[in-house]
Number of protein chains: 2
Amino acid sequence: MAVQDSRDDKMTISIHAFRRLPQYYNYLKLLRNAGVEQVSAPIIAKKMGLNEVQVRKDLAAVSERGGKPRTGFNVIELLRDIGRYLGYDNIQDAVLVGAGYLGSALLSYKGFEEYGVKIVAAFDNNNECVGSENFSRIIYPVDKLPDLCKRLNVRIGIITVPGESAQEICDLMVKSGIQVIWNFAPVHLLAAKEIFVQNENMAVSLALLSQHLAAHEEGAQ
Amino acid sequence: MAVQDSRDDKMTISIHAFRRLPQYYNYLKLLRNAGVEQVSAPIIAKKMGLNEVQVRKDLAAVSERGGKPRTGFNVIELLRDIGRYLGYDNIQDAVLVGAGYLGSALLSYKGFEEYGVKIVAAFDNNNECVGSENFSRIIYPVDKLPDLCKRLNVRIGIITVPGESAQEICDLMVKSGIQVIWNFAPVHLLAAKEIFVQNENMAVSLALLSQHLAAHEEGAQ
DNA sequence: TAGATTGTTAATCGATTAACAATC
DNA sequence: TAGATTGTTAATCGATTAACAATC
């Protein structure tokens with residue numbers, strides 16, 4: 001459950017804490033843009049609906065300089081520390097397979113680089129889009145994937161193909177040297193232990209929505 | 001941390017267990033489509049990388065009929081039980097605001113109904129898309145939102161606008177009677193306690209990818 | 001100084017896992 | 001019967017929260 005820190009010291013934080021960091025990051029960006037210079041853990045906690053001790057512990061794990069009694073944390077510095085911890089400062093190349101609607105939406109999204117990821121090439125076997133340009137990136141046929149990944153040393157693969165072909169694409173990516181896979185297809189991908197597969201599970205989210213409505217309904221009746 | 005069950009009995013499961021259910025669901029669908037009739041907890045556990053006791057407990061929480069020693073669980077029945085538990089059998093209407101690339105991708109996705117959600121209308125203030133059709137749904141100007149939501153008694157709202165306008169749309173949705181919000185904008189939305197906000201945080205996922213690469217890199221050097 | 005905030009140590013809470021009897 | 005699998009009770013593990021001394 002622990003996330004290995006990429007810095008020199010060997011501090012690790014829990015996966016739960018890790019998932020909270022981007023929340024802090026987004027909020028701190030808002031503060032910075034509004035010109036706010038200092039912020040305290042209680043304020044962050046209240047905004048995020050978290051416990052203030054938890055916030056302090058999370059921040060202590062990623063920021064060595066820490067906060068100051070009375071004044072709290074410096075927004076700019078904290079933002080930099082969290083960004084560094086999350087790898088947002090270190091842009092990695094990525095390839096995307098499946099240039100359908102979702103794939104195109106991701107290709108069009110300009111915010112990825114802000115979070116350390118840049119899509120350098122897209123692939124699809126659909127004849128309509130092969131060879132076409134999609135948001136200034138050419139869509140290549142899938143059989144060009146291994147060569148390109150090896151040549152550019154790409155390590156992140158994004159899968160936006162239908163469920164049926166996702167495992168096949170996953171296998172091809174692994175063969176091409178991809179180490180980290182971001183999967184949007186609604187299947188659980190099997191890969192060697194050293195490959196990290198991050199499933200973007202829409203089904204979970206949708207279930208949470210339905211669940212909440214159903215629970216609420218019962219309470220109301 | 002517990003999720004209120006929508007059925008008659010008052011059984012609750014942890015949010016962690018709840019999030020695993022769609023995984024089982026997807027896997028069971030594959031099995032059913034392959035004609036497999038029975039499956040055991042150890043097999044599911046191995047496939048999902050989970051502990052078999054955990055799987056058994058999760059399944060026990062949603063399926064009253066349970067499994068049989070030696071043979072395990074009936075795939076079809078289990079699928080039905082999980083689907084019912086997750087609300088996939090009870091389709092709810094939803095509205096979407098923000099018909100940009102991501103919004104369009106969601107509009108084009110035909111799988112939502114399988115998971116209990118149906119987008120009945122989309123809204124956007126961008127002149128280019130207002131009044132246009134996007135995947136056979138007309139895009140309405142945002143000021144039509146309250147009336148339509150109230151008229152159709154829509155309770156799910158999907159936000160795919162930029163971060164800057166997300167809170168404003170959130171507020172409008174709440175005023176329009178929306179009870180559950182699925183937020184794709186990279187901001188933490190503030191809403192009354194009884195409104196359920198599900199944040200689809202891409203920043204978390206991207207950070208996890210970077211993190212894994214960084215950790216791996218250090219180990220390799 | 002007084003008081004808000006910090007960081008840390010200890011207590012609590014809850015989820016996961018191990019052990020085991022029951023079943024077909 | 002033997003053995004795989006079930007469901008449950010107890011032990012373990014880890015995350016969250018409470019309590020508190022230190023600081024500016």
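Proteins come first, then strands; the chains are lettered A, B, ... in the order of their sequence lines, and each starts at number 1. Note that the structure is predicted; figures quoted are calculated from it, not measured. Both backbone and side-chain heavy atoms feed into the values below; hydrogens, waters and symmetry mates do not.
Atom-to-atom, CZ of B/R65 to C1' of D/dG7 comes out at 17 Å; the value is rounded to the nearest Å. A straight line from CD of B/E52 to C1' of C/dT16 spans 13 Å, rounded to a whole angstrom. Rounded to whole Å, the distance from NZ on B/K57 to C1' on C/dA15 is 9 Å. Note: CG (B/N74) to P (D/dT6) measures 13 Å, nearest angstrom.
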B/S/- along nucleotides 19-24 of chain D (protein heavy atoms under 4.0 Å) is ----BB
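Identified under the salt bridge (Lys or Arg N to Asp or Glu O under 4.0 Å) test for residues 93-117 of chain A, with sequence neighbours left out: A/K29-A/E114. Counting only residues at least two apart or in different chains, side-chain hydrogen bond (donor to acceptor under 3.5 Å, both in side chains) contacts with residues 166-177 of chain A comprise A/Q167-A/D171. For residues 36-48 of chain B, there are no side-chain hydrogen bond (donor to acceptor under 3.5 Å, both in side chains) pairs, not counting sequence neighbours.
Contact check of residues 23-46 of chain B against DNA chain D (heavy atom, cut-off under 4.0 Å) returns B/S40, B/A41, B/P42.
Listed by chain and number, the residues in a salt bridge (charged side-chain N to carboxylate O under 4.0 Å, His left out) with B/E77 are B/R65 (sequence neighbours excluded). A/Y24 is linked by a ring pair (Phe, Tyr, Trp, His ring centres under 6.0 Å) to nothing, counting only residues two or more places apart in sequence or in another chain. Looking at residues two or more places apart in sequence or on another chain, you find a ring pair (Phe, Tyr, Trp, His ring centres under 6.0 Å) between A/F184 and A/W182. Not counting sequence neighbours, the partners of B/Y115 by the ring pair (Phe, Tyr, Trp, His ring centres under 6.0 Å) test are B/Y88. With sequence neighbours excluded, the residues forming a ring pair (Phe, Tyr, Trp, His ring centres under 6.0 Å) with A/Y101 are B/F135, listed by chain and number. In this structure B/D124 satisfies the salt bridge (charged side-chain N to carboxylate O under 4.0 Å, His left out) test with no other residue, sequence neighbours excluded.
Listed for the A/N199 side chain is no donor-acceptor partner under 3.5 Å among the backbone atoms of A/N201.
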For DNA chain D, produce a single dot-bracket line, 5' to 3'. Pairs: Watson-Crick or G-U wobble, both distances under 3.5 Å. Symbols: ( ) within strand, [ ] crossing, | other strand, . unpaired. ..||||||||||||||||||||||
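The shortest distance between the side-chain N/O atoms of B/R20 and the OP1/OP2 oxygens of C/dT16 is below 4.0 Å. For A/Q54, no side-chain nitrogen or oxygen approaches OP1 or OP2 of D/dA15 to under 4.0 Å.
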